[in-house]
Amino acid sequence: MNLEPSVVAIRDGRVGRLLLNRPKALNALTLEMVRLIDRALAEWRDDPSVHAVLIEGAGNRAFCAGGDIRAVRNAALAGDAEAVEEFFAAEYALNRTIAEYPKPYVALIDGICMGGGIGVSVHGRYRVATESAEFAMPETGIGFFPDIGASYFLPRLPGKLGFYLGLTGARLLGADAVHAGLATHFVPHERLSALAAAMAEDGVAVIAAFAEKLPPFSLAPHRACIDRCFGAESVVAILAALAAEETEFARQALTAMRRASPASLLWSFEILRRGVHSELAQCLKTELALSRHVSRHPDFAEGVRAMVVDKDRNPRWSAASVEEVDPAAIAAMFA
Ligand code: QUE
């Protein structure tokens, strides 16, 4: 029997604190966790003694590794489309609740923060990252797509950085995440608990005093290459542009995209392209519609098997290259 709640919600002085509490599963979000967060946010919204909400991850490895896609895969393989829909609908509704929350919402990000973890942080007003924070949107590597509102926020990052992050799954450490705009403040790991205590006492105004000056953006030397290559008008054109660069950086981006599901690169590129012109609520609706198609696609079950279930890191995708994927099948997913 497991008596530990998967989310611990407590009052601490002026703030409500949420602890994502499945450290052995890297705090990956289950439907139960989404519901517990929802319930706490609803309760604190109208409580005048709660001035802000703080969210953090239990253990020292992860803030949150993503959604519980293992459970989603099991439901999809069992043909339980309703359970798949229930999970994504609840997760995306929470992303919107956080974006529209009337009180300061502060994520303390220390360790892994991927996919759904970015979804319960990036939509909030403050995202404090430490030097141990590692941000990524690695969904093309599991045959899925950048969801949780990523079709809204990735295209709004500087230049084509969001297309680079969403298509390659590249990781950004804490300071780089601030440069990119995924995080808002850089605070050393060793000062994080003092920051939480100070916020409980004095509110969110103390964050600025804890923030450190940023080291240079490690992607600065590659920004021009990123904008040039990821500004191309199709996935095939991006791959060709990267191949023409002949730099180690471009070679690594190309390798990451060649490991990804070819079909997933195509539907991910399409949803990011569409997101440029849509508000968050519309982006989340489009993502929910796409999740219905993608969760039924063989690359999703295979990608989660290879990267999360069996961990052999050797997915056997349904197509060998993006050229082999039927463009009409991708277009039909957005119809
Ligand atoms: C790509 C991803 C995810 C991933 C691994 C990838 C992802 C995700 C998880 C994950 C991690 C730990 C868990 C869990 C899921 O791994 O989105 O249930 O316990 O949630 O290569 O996109």
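Values reported hereafter were calculated over all heavy atoms of this structure, with side chains retained and with hydrogens, waters and symmetry mates removed.
The side chain to side chain contact (heavy atoms under 4.5 Å, CB included) test applied to Glu43 returns no partner, not counting sequence neighbours. Every residue two or more places apart in sequence or in another chain that forms a side-chain hydrogen bond (donor to acceptor under 3.5 Å, both in side chains) with Asp312 is listed here: Arg305.
Checked by atom type, the side-chain pair Thr130/Asp110 shows a donor-acceptor distance below 3.5 Å. Between the side chains of Ser264 and Asp299, not a single donor N or O lies within less than 3.5 Å of an accepting N or O.
Between the side chain of Asn21 and the backbone N or O of Val7, no donor-acceptor pair lies under 3.5 Å.
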Name each donor-acceptor pair under 3.5 Å that joins a side chain in residues 164-179 to protein atoms two or more places apart or in another chain, with its distance.
residue: Thr168; atom: OG1; partner: Tyr164; partner atom: O; Å: 2.7
residue: Thr168; atom: OG1; partner: Ala170; partner atom: N; Å: 3.1
residue: Arg171; atom: NH1; partner: Glu134; partner atom: OE1; Å: 2.6
residue: Asp176; atom: OD1; partner: Ser218; partner atom: N; Å: 3.0
residue: Asp176; atom: OD2; partner: Ser218; partner atom: OG; Å: 2.4
residue: His179; atom: NE2; partner: Pro215; partner atom: O; Å: 2.7
residue: His179; atom: NE2; partner: Phe217; partner atom: N; Å: 3.3

Scan the side chains in residues 111-124 for donor-acceptor partners under 3.5 Å anywhere in the protein, sequence neighbours excluded, and list what turns up.
residue: Ser121; atom: OG; partner: Gly117; partner atom: O; Å: 2.9
residue: Ser121; atom: OG; partner: Ile118; partner atom: O; Å: 3.1
residue: His123; atom: NE2; partner: Ile148; partner atom: O; Å: 2.8

Which pairs of donor and acceptor atoms, one on a side chain in residues 197-209, lie under 3.5 Å apart (sequence neighbours left out)?
none

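For the pair Arg17 and Glu56, the salt-bridge criterion is met [side-chain N within less than 4.0 Å of a carboxylate O].
Classified by interplanar angle (parallel below 30°, tilted 30° to 60°, perpendicular above 60°), the ring pair Phe144/Phe88 is parallel.
Sorted by first then second residue, the salt bridge (charged side-chain N to carboxylate O under 4.0 Å, His left out) pairs that include residues 247-265, not counting sequence neighbours, are Glu248-Arg251.
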Self-check item: Stepwise side chain to side chain contact (heavy atoms under 4.5 Å, CB included) test for Ile37 and Leu94
Solution: CA-CA 8 Å; Ile37 297 168; Leu94 174 60; 3.8 Å; yes
